[in-house]
**Q** 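The structure follows.
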Amino acid sequence: MHPARIRAHGRAFAHIAAFHPELTALRRDLHAHPELGFEEVYTSKRVVEPLKVCGVDEIHTGIGKTGVVAVIRGRSQASGRMIGLRADMDALPMTEHNDF
């Protein structure tokens with residue numbers, strides 16, 4: 001890899017790493033408030049908050065009842081390339097048997 005690209009990747013990862021405490025707090029909060037499928041009212045709200053702070057281009061809520069879709073437009077759409085990410089937000093109805 002070209003040295004300039006290595007430096008750019010290092011800066012990107014350092015920038016992302018700066019959000020580690022906030023991302024950890026969000027993950028712990030969501031884990032502390034589990035919601036079953038199609039009941040993720042709190043979870044959806046907590047997901048939308050940081051998307052708004054980050055300034056995503058579009059946020060659509062209520063998809064399939066409690067789903068969230070965020071659209072982030074790139075600097076150029078000339079290539080026609082896109083990327084899609086999907087994640088589940090619902091909890092499973094089970095008891096954890098750990099002490100951490």
**Q** Are any non-hydrogen side-chain atoms of Asp90 and Glu35 less than 4.5 angstrom apart?
**A**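 Sidechains of Glu35 and Asp90: no contact.
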
**Q** At their closest point, which heavy atom of Ala17 faces which heavy atom of Pro21, and how far apart are they?
**A**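 Smallest heavy-atom distance, with atoms named: O-CD, 4.3 Å.
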
**Q** Would you compute the distance between atom CZ of Arg46 and atom CG of Leu30 and round it to the nearest 0.5 angstrom?
**A**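 Reported to 0.5 Å precision, the distance equals 6.0 Å.
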
**Q** Determine the sole option in Ile83, Leu51, Val56 for which the side-chain contact (heavy atoms from CB on, under 4.5 Å) test with Ile72 is passed.
**A**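 The option that passes is Val56.
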
**Q** If hydrophobic clusters are built by linking Ile, Leu, Val, Met, Phe, Trp and Tyr wherever their side-chain heavy atoms come under 4.5 Å apart, do Ile59 and Met89 end up in the same one?
**A** yes

**Q** Between atom CD of Gln77 and atom OG of Ser79, what is the distance when rounded to the nearest 0.5 Å?
**A** 9.0 Å

**Q** Run the numbers on Thr66 and Glu39 for side chain to side chain contact (heavy atoms under 4.5 Å, CB included), then give the verdict.
**A** CA-CA 7 Å; Thr66 56; Glu39 297 176 6; over 6 Å; no

**Q** Quick check: are there more than 12 heavy atoms from other residues, nucleotides or ligands sitting under 6.0 Å from OH of Tyr42?
**A**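 Enclosed: over 12 neighbouring heavy atoms sit under 6.0 Å from OH of Tyr42.
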
**Q** Are side-chain heavy atoms of Leu36 and Leu92 found at a separation under 4.5 Å?
**A** no

**Q** Hey, are the side chains of Thr95 and His97 touching, using non-hydrogen atoms and a 4.5 Å cut-off?
**A**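 A side-chain contact under 4.5 Å exists here.
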
**Q** Of all residues at least two apart in sequence or in a different chain, which pass the ring pair (Phe, Tyr, Trp, His ring centres under 6.0 Å) check with His60?
**A** none

**Q** Should Arg27 and Asp29 count as side-chain neighbours, where that means a heavy-atom distance under 4.5 Å?
**A** no

**Q** Using the side-chain hydrogen bond (donor to acceptor under 3.5 Å, both in side chains) criterion, which residues pair with Ser44? Sequence neighbours excluded.
**A**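 Applying side-chain hydrogen bond (donor to acceptor under 3.5 Å, both in side chains) to Ser44 gives none.
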
**Q** Could you tell me the separation between the NE2 atom of His31 and the OG1 atom of Thr43, rounded to the nearest 0.5 Å?
**A** 12.0 Å

**Q** For residues Val71 and Arg73, report the shortest heavy-atom separation together with the two atoms involved.
**A** CG1-NH1, 3.8 Å

